[in-house]
Amino acid sequence: MHSKSPIVHGKVLDELGAKYEYDKVQVKKGGLEEYIKSAVAGGVTGFNLTMPHKVDIIPFLKEIDEDAKLFGAVNTVKINDGELYGYNTDAGGLVLSLSMNGFDVKDKNIVILGAGGVSSTIAVKFAVMGAKRIVILNRTPEKAENICSRIDSIRDEFDIMAEVSFGGFEIDTLKSCAGSCDMLLNATPLGMTGVDSDYEDLSFIDCLSNDAFVADLIYSPEKTKFLEYAEEHGHKIMNGYGMLIGQAILADEIYLSQKLDVSELYTKVVG
Ligand code: NAP
């Protein structure tokens, strides 16, 4: 299990001078109940979760926050008097890093590449936050279609105005969708350290308008070829490190039950 979370939380907690330890624990599928018992007995303040536990934890929770309800997944649990409270800071972390980079999703046209777990969370969050148009392009278009259907299913409840559409990953589709977006976001593992595959043709980036923002959820390497190409062509870029830090800050705010100056902390930790 490789996780940067202990390092990232360590940085945030050090910055706050908080005397907490953040460790990683491997819990197999089906082992959650046993882990919860030991965490409660051991006085653990809270814990983060990765898949499949993000969904499996839900029956064990006393309460669940709005974002966790919205995404049907929990990435942060706070233990209070032996009861478990669930939160989701995944999309909030990305939104924080976007805003720290001067990008507000409200009224924007956004193209998301990939339709996996993270894409589904952030597309829903962008829709709820007032994005104008969200296009999800994926190798398996049905998965992108499912995310659009999910957004449509909560449209009335959350007053969502966003137009949503989906498509495949063919270069012509990428080119035609890139043409009219304010932000192009890579939410696939293409170009990530340790992953064999990468974008073979980045010419769709040439179709972006000059002021389009280009973001990648990947933070290793620091700059994927996707980001390098976009930067060389004059676009403002952002990698996924800020999202990682943002998630950690929002989770630590929950663990410490303390309102933090999130922007100041982000600036100090990201540097
Ligand atoms: P996931 O659920 O496995 O989804 C991966 C997506 O990428 C799927 O839509 C998949 O398409 C697509 N994909 C994979 N290989 C591809 C290829 N060779 N060509 C075209 N498309 C391909 O992953 P995830 O959990 O959503 O994570 C997505 C990315 O976000 C990863 O790079 C991950 O490292 C990054 N991430 C960053 C942070 C952060 O804090 N910065 C947090 C979480 C994740 P199919 O549907 O066709 O399989």
Side-chain angles (χ1 to χ4, degrees), residues 1-9 11-12 22 24 48-55 67 71-76 88-101 103 111-126 134-150 166-174 177 183-202 204 214-227 237-252 266 269-270:
M1 181 175 53
H2 70 100
S3 165
K4 280 208 174 214
S5 295
I7 299 170
V8 169
H9 281 271
K11 282 187 184 182
V12 175
Y22 186 101
K24 56 183 169 185
N48 285 123
L49 302 129
T50 55
M51 285 306 253
H53 304 310
K54 284 182 173 186
V55 178
D67 269 9
F71 311 140
V74 166
N75 80 332
T76 301
N88 195 312
T89 67
D90 281 336
L94 176 64
V95 169
L96 172 61
S97 65
L98 287 172
S99 82
M100 293 303 292
N101 279 274
F103 190 88
V111 173
I112 302 175
L113 307 175
V118 179
S119 172
S120 118
T121 303
I122 60 185
V124 169
K125 182 76 175 175
F126 290 166
I134 300 168
V135 180
I136 305 166
L137 304 178
N138 195 44
R139 181 176 62 178
T140 314
E142 294 75 22
K143 285 200 202 163
E145 183 178 18
N146 289 342
I147 301 175
C148 294
S149 302
R150 163 84 180 125
F166 65 93
F169 228 58
E170 307 76 26
I171 189 70
D172 287 345
T173 311
L174 295 175
C177 293
M183 175 168 71
L184 178 65
L185 176 68
N186 177 46
T188 75
L190 287 169
M192 184 163 78
T193 305
V195 169
D196 283 339
S197 36
D198 203 344
Y199 287 96
E200 280 162 23
D201 182 356
L202 285 165
F204 57 96
V214 179
D216 200 325
L217 299 187
I218 294 169
Y219 48 82
S220 174
E222 210 173 301
K223 238 181 250 174
T224 52
K225 289 202 180 103
F226 170 82
L227 282 188
I237 60 162
M238 181 189 93
N239 72 10
Y241 186 62
M243 174 178 177
L244 191 69
I245 298 293
Q247 288 168 350
I249 292 173
L250 298 177
D252 287 334
Y266 180 98
V269 177
V270 173

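Whatever order the structure lists them in is the order used to number ligands and atoms, beginning at 1.
Asp90 pairs by the salt bridge (charged side-chain N to carboxylate O under 4.0 Å, His left out) definition with Lys54, not counting sequence neighbours. For Cys177, the side-chain contact (heavy atoms from CB on, under 4.5 Å) criterion is met by Val111, Val135, Leu137, Thr173, not counting sequence neighbours. Shown here are the side-chain contact (heavy atoms from CB on, under 4.5 Å) partners of Pro141, two or more places apart in sequence or in another chain: Phe166.
Contact residues for ligand 1 (protein heavy atom closer than 4.0 angstrom to any ligand atom): Gly114, Ala115, Gly116, Gly117, Val118, Asn138, Arg139, Thr140, Lys143, Phe169, Ala187, Thr188, Pro189, Leu190, Met192, Ser197, Leu217, Ile218, Tyr219, Gly240, Met243, Leu244, Gln247.
Between Phe204 and Tyr199, the ring-plane angle classifies as tilted under the 30° and 60° cut-offs.
Among Asn239, Thr224, Ile122, the one residue that satisfies the side chain to side chain contact (heavy atoms under 4.5 Å, CB included) test with Leu217 is Ile122.
Interatomic distance, Arg139 CZ to Leu113 CG, rounded to the nearest 0.5 Å: 13.0 Å.
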